[in-house]
Amino acid sequence: MTRLKSGKYCRSILFPVVFLLLLSACTPPVHDHTITTGTLIKEMVDLEGLTYFPDPSYRTVQFSSYDRQSTSPDEPGWFANSDGFGGEPVPGFVEVLKQRDENGTGEYLMCDVKGPGALVRLWTARITGDIRFYLDDLTKPLYEGPAQPFFINTYKTLKEDLPEDIFSGVFTQNVAGYYPIPFAGRCRIEWTGNTDHLHFYHIQFRLYEKGTRVKTFSPDDLAAYSDVMAETAGILKNPDE
């Protein structure tokens, strides 16, 4: 057996041991589960979960109507601020799908991300026009219609018979919507409108590590997880209770 001849050697061994113990205390047990609409809604009030590294891990990405002239701090246009007011010199979208017609209406790509992932936040100060919302490899959009209500009250646009009172001030806060929508393969949103008119937007995603099991959202989820939605809404409205 090797003898420790001084406190120096003791410290050199104790420090990594203590570090590993602290790290293990901050790391949650590995959960082998599937991400669903229900698990994401529950997570909205899981304060203990915020104290751990996410499992499964993910990165967050955001698409927005920022001014496309703003490319680099050392290039002209860094402080450009024509970000959805209308009439910007460069359309504030990922791609122009169809050029403007004689009425000024065109088609534009807001986002197209590959999963597994989840749409977790939408925001707009005001947005005109219509959108087409696709999940996975659907050839038919899950939603096609006015953009404004989709951004502010997403679940209600996807299932009209939902009770609206549980969402106000909870899932919808001011001009942002927190309506998680998981997808296994893909999420794509297209906008049809006149870029001379207002079109502010943020679209925020979680993109999970490869191999994460995700059950793609269906409007039927909103009935299946109605109790989870009601419980989560109740906690967010009255956290002290």
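- The line from SG of C111 to CD of E190 is 9.5 Å long, rounded to the nearest 0.5 Å.
- Counting heavy atoms from C-beta on, the side chains of Y225 and K42 never come closer than 4.5 Å.
- At a threshold of 4.5 Å between side-chain heavy atoms, the hydrophobic network of Ile, Leu, Val, Met, Phe, Trp and Tyr places L40 and M229 in two separate groups.
- For the side-chain hydrogen bond (donor to acceptor under 3.5 Å, both in side chains) with Y179, the lone residue among T172, T154, T157 that qualifies is T172.
- Looking at T195 and R100, their side chains do bring a donor and an acceptor atom within 3.5 Å of each other.
- Taking CG of L122 as the start and CD1 of I181 as the end, the distance is 7.0 Å to the nearest 0.5 Å.
- With rounding to the nearest 0.5 Å, the separation of CG in D101 from CD in Q99 is 11.0 Å.
- F183 has its ring centre no less than 6.0 Å from the ring centre of F217.
- Environment of CD in E231: sparse, with no more than 12 heavy atoms of neighbouring residues, nucleotides or ligands closer than 6.0 Å.
- Here the closest non-hydrogen pair linking L158 and F150 is CD2-CE1, 4.5 Å.
- What you find for A184 and V214 is that their closest heavy atoms are CB-O, 3.4 Å.
- Nearest approach of I41 to P180, heavy atoms of both residues: CG1-CG, 3.9 Å.
- The nearest pair of heavy atoms linking F133 to C187 is CE1-SG, 3.5 Å.
- Of the possible polar contacts, none joining the D83 side chain to the Y66 backbone as a donor-acceptor pair under 3.5 Å is found.
- Taking CZ of F79 as the reference point, atom OG of S70 lies at 8.5 Å (rounded to 0.5 Å).
- No hydrogens or angles considered: nothing links the side chains of R213 and H33 as a donor-acceptor pair under 3.5 Å.
- Taking the six-membered ring for Trp and the full ring otherwise, F200 and F85 have centroids separated by under 6.0 Å.
- Checked by atom type and distance alone, the side chain of K156 pairs as donor or acceptor with a backbone atom of L162 at under 3.5 Å.
- Proximity of R186 to D112: side-chain heavy atoms (C-beta onward) are separated by under 4.5 Å at one or more points.
- Considering CD of Q62 and CZ of F205, their distance stands at 10.5 Å, rounded to 0.5 Å.
- The backbone N or O of T128 sits less than 3.5 Å from a side-chain atom of W191, completing a donor-acceptor pair.
- Between the T212 side chain and the E209 main chain, a donor and an acceptor come within less than 3.5 Å of each other.
- Ion pairing of R132 with E107 is present here, as a side-chain N (NZ or NE/NH1/NH2) and a carboxylate O approach within less than 4.0 Å.
- At least one donor-acceptor pair under 3.5 Å links the side chain of S65 to the backbone N or O of Y201.
- Q148 and I127 get closest at one heavy-atom pair: OE1-N, 2.9 Å.
- The existence of a salt bridge linking D136 and K114 is excluded, since no basic side-chain nitrogen approaches an acidic carboxylate oxygen closer than 4.0 Å.
- Note on residues 144-153: no pairs pass salt bridge (charged side-chain N to carboxylate O under 4.0 Å, His left out), not counting sequence neighbours.
- Using a 4.0 Å cut-off between charged side-chain N and carboxylate O, K159 and D161 make a salt bridge.
- Between H199 and F93, the ring-plane angle classifies as parallel under the 30° and 60° cut-offs.
- Y108 places no side-chain N or O within donor-acceptor distance of the main-chain N or O of V96, the cut-off being under 3.5 Å.
- Geometrically, R206 does not engage Y208 in a cation-pi contact, judged by NZ or CZ lying under 6.0 Å from the ring centre and within 45° of the ring axis.
- When the side chains of ILVMFWY residues are joined at heavy-atom separations under 4.5 Å, either directly or via intervening members, L142 and L109 end up in a single hydrophobic cluster.
- Put simply, the side chain of T51 gets close to the backbone of E48: a donor and an acceptor are under 3.5 Å apart.
- The CG atom of N103 sits 11.5 Å away from atom CG of D196, with the distance rounded to the nearest 0.5 Å.
- Panel note: side chain N238, backbone I235; no donor-acceptor pair is recorded below 3.5 Å.
- Considering every non-hydrogen atom in both V45 and T232, the closest pair reads CG1-CG2, 3.8 Å.
- Under a hydrophobic-cluster definition in which Ile, Leu, Val, Met, Phe, Trp and Tyr are linked whenever side-chain heavy atoms come within less than 4.5 Å, directly or via other members, Y134 and L97 are assigned to different clusters.
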